[in-house]
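Have a look at the structure below before the remarks.
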Amino acid sequence: MISTTIFPGRYVQGKDSRKLLGEELARFGSKGLLICDPFVYDNLRHEFEPYISSQVEIDVVRFEGECCDEEIARLVEQLKAFDGQFVVGLGGGKTLDTAKATAFEAKVPVAIAPTLAASDAPCSALSVIYTQTGEFKRYLVLPTNPNLVLIDTQIIANAPTRLLVAGMGDALATWFEAESCKQSLATNMTGRFGSMSAYALAHLCYTTLLEYGAKAKSANDAGVVTPALEHIIEANTLLSGLGFESGGLAASHAIHNGLTILEPTHAYLHGEKVAFGVLSSLFLTDKPAAKINEVFNFCEAVGLPVTLEQIGLKEVTDEELMAVAEASCAEGETIHNEAMPVTKEMVFAALKAADAEGRLRRQKG
């Protein structure tokens with residue numbers, strides 16, 4: 001059996017590490033395209049640009065908000081017009097996915113500088129492509145991981161805590177999905193089997209969340225960098241990225257993708273919807289009551305959603321939930337990496353059961 005594990009070329013994390021960004025970029029060329037998400041473009045560019053422009057020439061462009069084929073094509077043209085030798089993504093998950101896809105299309109190196117720890121997108125050789133209106137379209141599997149991932153943890157500490165918590169929701173899926181792939185002998189994102197290292201990192205991701213999640217949330221609330229916050233940023237970004245990519249995806253992310261067909265969920269973050277996908281997957285895969293309780297306790301402790309109402313679906317109908325279940329089970333979806341055959345009826349029941357458990361716990365206070 002051949003296994004394959006993939007990693008970013010270089011991972012830099014720490015307080016004030018943004019000051020090293022220009023030095024790191026100079027390894028890729030003398031000029032490049034800097035793609036900023038809208039908030040970063042308006043509010044945070046000044047925290048990064050002096051340290052970049054002192055080393056390399058950059059063309060700064062504002063990301064238009066959706067990682068879609070049309071936006072990627074626009075940015076490729078801008079890079080070519082500038083004769084750029086690399087792409088930098090600065091911001092949140094969709095901006096970073098767009099930067100990776102743009103660099104892939106242009107055949108240049110890519111550097112990723114997250115300003116949030118809201119998902120495991122930064123380290124992966126993957127971009128999630130949506131339609132222009134925000135519905136999941138496809139996964140773009142890239143031939144290489146980012147050449148550089150650089151995370152300034154003070155920038156993360158200054159960001160809204162909800163975003164860090166959403167990252168924990170995304171990371172929460174990592175171990176459960178990797179374990180499903182391990183049990184079913186399903187392949188990872190490379191199309192090959194996961195390695196011992198990948199499964200171990202996925203489990204480390206889970207235990208790190210349980211141990212440090214609530215303390216990291218408190219640190220983020222206070223806007224300070226503590227060891228707990230450093231650990232959770234690494235779990236959300238590096239451990240989750242390596243774990244999902246080299247371990248594999250299963251039900252949790254498929255259910256997330258199904259949920260995106262309902263417009264009210266578009267106002268909620270990727271990791272918030274993935275977290276509800278995790279809770280649903282626990283019922284789908286018949287996890288022990290103690291494990292279900294452990295995961296619900298964690299979600300409640302850090303503020304992740306435990307009911308459909310908390311992801312915008314207070315008035316959702318059974319017909320709509322069945323449509324979510326059907327989309328979750330579409331041909332080629334990662335839910336089929338589970339260790340047993342999964343039907344839309346099973347997913348529908350799991351969604352209802354997770355919501356009922358969450359509502360009961362909230363009623364009990």
Side-chain angles (χ1 to χ4, degrees), residues 4-18 20-21 24 88-93 95-97 99-100 109-128 142 144-157 159 163-178 188-190 194-213 215-217 219-220 225-249 252-253 270-271 274 302:
T4 300
T5 307
I6 53 178
F7 302 87
R10 196 174 180 101
Y11 182 84
V12 180
Q13 176 183 313
K15 183 180 172 68
D16 296 330
S17 64
R18 69 188 182 283
L20 302 174
L21 186 52
E24 293 285 344
V88 187
L90 181 60
T95 305
L96 306 183
D97 274 6
K100 287 186 285 184
V110 63
I112 298 299
T115 55
L116 316 169
S119 78
D120 53 21
C123 290
S124 71
L126 180 75
S127 290
V128 184
L142 304 167
T144 60
N145 296 74
N147 303 84
L148 168 70
V149 177
L150 185 146
I151 304 179
D152 188 322
T153 49
Q154 185 60 61
I155 296 293
I156 304 297
L163 300 169
L164 181 79
V165 171
M168 290 192 247
D170 197 20
L172 184 62
T174 305
W175 178 55
F176 291 106
E177 294 190 298
N188 61 23
M189 303 307 290
T190 73
S195 66
M196 179 176 67
S197 298
Y199 300 131
L201 290 170
H203 188 256
L204 178 60
C205 182
Y206 181 69
T207 58
T208 300
L209 292 174
L210 295 187
E211 183 170 357
Y212 297 107
K215 290 185 286 186
K217 180 178 184 292
N220 203 159
V225 177
T226 65
L229 183 61
E230 292 275 11
H231 296 329
I232 288 299
I233 291 169
E234 184 175 344
N236 285 7
T237 309
L238 183 62
L239 295 178
S240 183
L242 296 174
F244 99 78
E245 189 169 43
S246 295
L249 295 175
S252 301
H253 275 82
H270 171 83
V274 171
V302 299

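Positions are given from 1 along the sequence.
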Might you point out which heavy atoms bring [X] and [Y] nearest each other, and give the distance in Å?
| X | Y | answer |
| --- | --- | --- |
| V149 | P122 | CG2-O, 3.5 Å |
| V274 | A173 | CG1-CB, 3.7 Å |
| A216 | I232 | CB-CG1, 3.4 Å |
| N147 | P109 | OD1-CA, 3.3 Å |
| G89 | A99 | CA-CB, 3.6 Å |
| A202 | A178 | CB-CB, 3.8 Å |

Test log, rule side-chain contact (heavy atoms from CB on, under 4.5 Å), inputs I233 and L164: CA-CA 8 Å; I233 291 169; L164 181 79; 4.2 Å; yes
Any N188 side-chain heavy atom under 4.5 Å of E245 side chain: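 No. Closest side-chain heavy atoms not under 4.5 Å.
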Non-hydrogen side-chain atoms of L238 and F7 separated by less than 4.5 Å: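 No, their side chains stay 4.5 Å or more apart.
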Judged by atom type as modelled, is there a donor-acceptor pair below 3.5 Å linking the side chain of [X] to the main-chain atoms of [Y]?
| X | Y | answer |
| --- | --- | --- |
| E177 | H253 | yes |
| T208 | L204 | yes |
| T153 | K15 | yes |
| K100 | L126 | yes |
| D170 | S119 | no |
| D16 | Q154 | no |
| T237 | A117 | no |
| D120 | A171 | no |

If you round to the nearest 0.5 Å, how far is [atom2] of [Y] from [atom1] of [X]?
| X | Y | atom1 | atom2 | value |
| --- | --- | --- | --- | --- |
| L90 | L150 | CG | CG | 10.0 Å |
| I6 | N145 | CD1 | CG | 4.5 Å |
| L21 | D152 | CG | CG | 10.0 Å |
| L209 | T174 | CG | OG1 | 7.5 Å |
| F176 | C205 | CZ | SG | 11.0 Å |
| R18 | I155 | CZ | CD1 | 4.5 Å |

Identified side chain to side chain contact (heavy atoms under 4.5 Å, CB included) counterpart of F244 within the set L201, L239, L249: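 That would be L249.
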Verdict with supporting geometry, W175 and T207, side-chain contact (heavy atoms from CB on, under 4.5 Å): CA-CA 9 Å; W175 178 55; T207 58; over 6 Å; no
